[in-house]
There are 2 protein chains.
Amino acid sequence: MSKAPRLTRGVVSKLTGCNLETIRYYEQIGLMPPPPRSEGGHRLYDDNLLRRLNFIRRCRELGFSLEEVRGLLTLVDGGTYTRGEVKDRTVAHLRSVRSKIVDLKVLEKTLKEMVSKCVGDEVPDCPVIDALFRNDDRALSRSRPRSPIQGS
Amino acid sequence: MSKAPRLTRGVVSKLTGCNLETIRYYEQIGLMPPPPRSEGGHRLYDDNLLRRLNFIRRCRELGFSLEEVRGLLTLVDGGTYTRGEVKDRTVAHLRSVRSKIVDLKVLEKTLKEMVSKCVGDEVPDCPVIDALFRNDDRALSRSRPRSPIQGS
DNA sequence: CTTGAACCTGTAGGTACTACAGAGCGTAGG
DNA sequence: CCTACGCTCTGTAGTACCTACAGGTTCAAG
């Protein structure tokens, strides 16, 4: 029998890549529920909480603000929303997710081209991104998320 | 003949969706070069600067930290890097871009399923994201960007 | 030439972490 | 059982990245 490792804050931090202190912060602001504690008061997480934290962390890395993440989590948690509200919010999130995918694919394409050009002898002092991300249609309809991810 | 609109800070702000003050901030920290000024000292941008700001803004929305954006811009600006450095950095960026795309696609799929379930009568108080983003292979190799986008 | 919107600078405030100090818990080794 | 050392606890201060405001100047429409 493999013994299950105690999911303490430090372990969870390593497993998720989330900074140790940030875990406590997310609990403070109510993104993570307060976990059960040991006799002596140490936090003890479980798989559900681990997945939740993973979800939060990845959303942050994808440029969603804490409030947006909260919104997504509330959808999942089954909050006090009506059918219509849930659907509207989900559709809105879906739109912004798709917009991000589009932008990332453009960036991917550009970087890929840069790499292939770098095979040659010279740094192709490329004005590539100049051609990129011109100011297109979406200018006035952009979603403007607020989100930092400070790193360790 | 269509008259070209003067690209003042306010106009640029509206065109890019970037907060008025943030434009000045990016100039302060050297992400945007100081633009030419009018007689009276007002900033006057051009298409290049507009594209650059657009690029920065979108990168931020995609969860890249300011330092990562700076890195990307330096590649483009043709900095003082050697061939090898340029390539290594580009490949690294490419990897993180692809990782983001993967995550976003998972999220897209989940949200899509939620929407389709919302057609019915009930809010399907879905534990969907529970199954999502489990703690997979990448746990220890994650890139941990720092990035906020505060909103308007 | 007036007048109000847009811009200027400097500075203070806000969000989202991140690090530190000083004390307590927990467990492996003796 | 006891010690020792690492991990965790709390509160608080500091950092990164904006965002808003105050008090004054410029610009352009009328």
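Because the structure is predicted, anything quoted here is derived from the model rather than measured. Each chain gets a letter, A, B and so on, in the order its sequence line appears, and its residues count up from 1.
- Proximity of A:R43 to the phosphate of D:dC9: a side-chain N or O atom is located under 4.0 Å from OP1 or OP2.
- For B:L7 and C:dA6, the CG to C1' distance is 15 Å, given to the nearest whole Å.
- In this model, a side-chain donor or acceptor of B:E21 finds a partner on the base of D:dC21 within 3.5 Å.
- Heavy-atom distances to DNA chain C give each of B:L20 and A:G41 a nearest nucleotide, and the one nearer the 5′ end belongs to B:L20.
- Between atom CD of residue A:Q28 and atom OG1 of residue A:T22 there is a gap of 10.5 Å, rounded to the nearest 0.5 Å.
- B:E39 has its CD atom 18 Å from the P atom of C:dC7, to the nearest Å.
- As rounded to whole Å, 16 Å separates atom P of D:dC17 from atom CD of B:E61.
- Nucleotide D:dT8 holds its P atom 8 Å from the NE2 atom of A:H42, rounded to whole Å.
- Put simply, A:S38 has a side-chain N or O that comes within less than 4.0 Å of OP1 or OP2 on C:dG26.
- Of the listed nucleotides (D:dT8, D:dA20, D:dC18), D:dT8 has the atom at the smallest distance from the side chain of A:R9.
- Atom pair A:I23:CD1 and D:dC7:P shows a separation of 14 Å (rounding to whole Å applied).
- Comparing C:dC17, C:dC8, D:dC9 by their closest approach to the side chain of B:R37 singles out C:dC8.
- Summary of the strand contacts: A:L44 and B:R6 both lie near DNA chain D, and taking for each the nucleotide with the nearest heavy atom, the more 5' one is attributed to A:L44.
- When each of A:Y25 and B:V11 is assigned the nucleotide of DNA chain C bearing its nearest heavy atom, the one mapping closer to the 5' terminus is B:V11.
- As rounded to whole Å, 12 Å separates atom C1' of D:dT8 from atom NZ of A:K14.
- In summary, the side chains of B:Y26 and B:R57 do present a donor paired with an acceptor at a separation below 3.5 Å, with no hydrogens or angles considered.
- Nearest heavy-atom pair, A:Y45 versus A:I23, reported as atom, atom and distance to 0.1 Å: OH-CG2, 3.3 Å.
- Within the structure, a side-chain polar atom (N or O) of B:Y26 is placed less than 4.0 Å from OP1 or OP2 of D:dC18.
- The A:T8 side chain lies nearest to D:dT8 when the options are C:dC17, C:dC7, D:dT8.
- One cannot find a donor-acceptor pair under 3.5 Å joining the base of D:dC17 and the side-chain atoms of B:Q28.
- Nucleic acid contact class of B:R24 (heavy atoms, under 4.0 Å, all strands): base.
- A salt bridge is defined here as a Lys NZ or Arg NE, NH1 or NH2 lying under 4.0 Å from an Asp or Glu carboxylate O, and A:R70 with A:E67 meets this definition.
- Distance, A:F64 CZ to C:dT15 C1': 18 Å, rounded to whole Å.
- When the side-chain nitrogen and oxygen atoms of B:N19 are compared with OP1 and OP2 of D:dA20, one or more of them lie within a distance under 4.0 Å.
- No side-chain donor-acceptor contact under 3.5 Å links B:R98 to the backbone of A:E108.
- Distance, B:R70 CZ to D:dC17 C1': 12 Å, rounded to whole Å.
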Next on the checklist: Under the criterion side chain to side chain donor-acceptor pair (under 3.5 Å), I'd like the reasoning laid out for B:N54 against B:R51: C-alpha separation, chi angles, the key distance, then a yes or no.
Outcome noted: CA-CA 5 Å; B:N54 244 305; B:R51 271 197 294 277; over 6 Å; no
